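Written out below as structure tokens is the structure these notes cover.
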Amino acid sequence: MDQRTMVSTLAGAAGKEVTLYGWVDVVRDQKAVQFIVLRDESGKVQLVNDRDASAGIAETIAGLTLDSTVRAIGTVELNDRVKLGGLEVRLASLEVLSSAAPALPLNAESALDTRLDWRFVDLRRPENRLIFEIQTAVEQSFRRTWQADGFLELHSPKLMAGASESGAELFRVDYFDTSAYLAQSPQFYKQMAMAAGFGRVFEIGPVFRANPSFTSRHDTEFTSVDVEISWVESHEDVMAFEERLVANMLADVSGVFGERIRETFGTEVRVPTVPFPRISLADALQAIRARGYEVRREAGDLDPEGERQLAAYIQETAGHEFVFVTDYPVSVRPFYHMRQAGNPELTKSFDLLWKGLEITTGAQREHRPEQLVSQVREKGIPEEGLAYYLDFFRYGCPPHGGFGLGLTRVLMILLGMANVREVTFLYRGPNRLFP
RNA sequence: GGUCCUGUGGUGCAGCUUGGAGUGCACGUCGGCCUGUCAAGCCGAAGGUCGCGGGUUCAAAUCCCGUCAGGACCGCCA
């Protein structure tokens, strides 16, 4: 291992002997000369062996199966004839570390569901590795912004005694002689951190939703990016932070990966201008209606087609991929969203849509205990289970707000993928718990 | 949960409308050939309960009913 050379560094190693570790990508076994394409985490390179030069290696190559793992030792030779990087490695030894069973159960054309069955093989493909290199860069960029702004990182518990949101359904698990629930959001604990005086916090972690949602943009477990900020004047402060966080991220990702994303996924990464456009829900519904589409939802929220229509409207009028939708009515928001002082039917909340898909819900939270209790009662939520939560606000709590951002949705839009399953390491949905 | 769509060698498809021998294509696998390939090429071979059950028919991958599995959209949401 100490001597391992990565394929990506071979151009600078002409004439040297190198030790490579990787997978057998292709075998072209001819009468006089044999070629292997070896794939490692950094790229692919051609290995070459003259049968006359080494009968032992020749025999090993003849028995190779695709995706077997090997250790190859050889000399780097620059050779313009070789289309793959203009170089090859002339083998001095070849050792099979693990022989793959013949006939891989999938190939690049396989259906997504088949690929998910054999995800560990599917993920070997370089374009799939790239997705997770980009995911890593996205999270690093977020952390860069948080660190510069003095945020603390939170690791909140995923086992809870009850619900932390009103709408979404919960997974119940055995917990000794009682039951516990998997956290559908770190919402309450983020707010506890505000009461604890942490000031500004973030968490990147799993959340669980027991909704039987059969769509390309839902999973039952996904990674949520959560932020909470103290001492805000309104949800505007939260939106101002989020747009900066997202714009920084897209600038970082675009700089490092923009070209590869275009080449690999055919998607252009555009760095958005700040501030993002804002539109009230009422104005959004009117603009959508003016385009000839009537949102059918009785509750008054946008439906998926409405979101797409709004995205088109914003693109045409503001030339922007993002839009904050604000001023949601109390009826479609959870009890903890703060209401507008002059208009108690509306909340100080927002959604963020990117290319017509909801990626965030955020709000200023209600931090005044009397008001909060009254909103709990108004929503008809039993207070017993919320006692510990309501206590957070009884001994001095700063005004605060925050948001949750769906990491998988962000990656899906960023790369122009059609399905969150493509950008999830291991997808979990109503019909999938394996592998 | 609702609507619609799809199940055919290891993988991806075509065949179904208008029933006629498991027919075809691409990738992969196995064997052979091949003086540097690079999407290698050429020749050959193996590999199938056409998701499952029932029905119609002389005859069903094909038509009908049921069932199971998966997917897309809607609802719910990040």
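Every heavy atom of this structure was used, including side-chain atoms; hydrogens, water molecules and symmetry mates were not. Source: prediction; values computed, not measured.
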Value in whole Å for how far the P atom of B:A78 lies from CD of A:Glu242: 12 Å

message: Do A:Arg432 and A:Tyr427 form a cation-pi contact, if we require the NZ or CZ to be under 6.0 Å from the six-membered ring centre and within 45 degrees of the ring's axis?
response: no

task: For A:Arg333 and B:A78, give me the distance from atom CZ to atom P, rounded to whole Å.
output: 8 Å

field: N-O pairing of A:Asp327 and A:Lys348 below 4.0 Å
entry: no

field: Pair A:Phe393 + A:Tyr336: ring centers closer than 6.0 Å
entry: no

- request: Classify the side chain of A:Gln46 versus the base of B:U37 as yes if they form a donor-acceptor pair under 3.5 Å and no if they do not.
  value: yes

message: Any base atoms under 4.0 Å from A:Phe403, or only sugar-phosphate, or nothing? Heavy atoms, all strands.
response: nothing

query: In whole angstrom, what separates A:Arg432's CZ from B:A69's C1'?
result: 12 Å

query: Given atom CD of A:Glu109 and atom P of B:A26, what is their separation to the nearest angstrom?
result: 14 Å

query: Which part of the nucleic acid, if any, lies within reach of A:Asp29 when heavy atoms closer than 4.0 Å are counted: base, sugar-phosphate only, or nothing?
result: base

- request: If B:C34 has a Watson-Crick or G-U wobble mate with both distances under 3.5 Å, name it; if not, just say none.
  value: none

task: For A:Gln191 and A:His400, test the side chains for any donor-to-acceptor distance below 3.5 angstrom and give the result as yes or no.
output: yes

- prompt: Does the side chain of A:Met194 reach to within under 4.5 Å of the side chain of A:Val201, using non-hydrogen atoms?
  reply: yes

task: Would you indicate what A:Ala111 reaches in the nucleic acid, counting non-hydrogen atoms under 4.0 angstrom: base, sugar-phosphate, or nothing?
output: sugar-phosphate

- request: Select base, sugar-phosphate, or nothing to describe what A:Val225 touches, counting heavy atoms under 4.0 Å on all strands.
  value: nothing

- prompt: Which base, if any, makes a Watson-Crick or G-U wobble pair with B:C63, both distances under 3.5 Å?
  reply: B:G55

- line: Whole-Å distance, A:Leu64 CG to B:U37 P, equals 21 Å

Rounded interatomic separation in angstrom, taking NZ from A:Lys31 and P from B:G32: 13 Å

statement: Taking for A:Thr360 and for A:Asp50 the nucleotide of RNA chain B with the nearest heavy atom, the one nearer the 5' end belongs to A:Asp50

- prompt: What about A:Thr215, does its side chain sit under 3.5 Å from the base of B:C73 through a donor-acceptor pair?
  reply: no

query: Roughly how many Å is it from CG in A:Leu112 to P in B:C13, rounded to a whole number?
result: 12 Å

query: So A:Tyr389 and A:Phe335, would you call those rings parallel, tilted or perpendicular, with 30° and 60° as cut-offs?
result: perpendicular

- request: Examine the base of B:G36 for any acceptor or donor lying under 3.5 Å from a partner atom in the side chain of A:Arg90, and report the outcome as yes or no.
  value: yes

message: I want to confirm an ordering. Mapping A:His218 and A:Leu66 to their closest nucleotides on RNA chain B, which one lands closer to the 5' end?
response: A:Leu66

task: Quick one: label A:Asp351 by what it contacts on the DNA or RNA (base, sugar-phosphate, nothing), any heavy atom closer than 4.0 Å.
output: nothing

- request: Look at the side chain of A:Glu88 and the base of B:G36, then say whether one donor and one acceptor between them are separated by less than 3.5 Å.
  value: yes

query: Has the side chain of A:Arg409 got a donor or acceptor atom sitting under 3.5 Å from an opposite partner on the base of B:C77?
result: yes

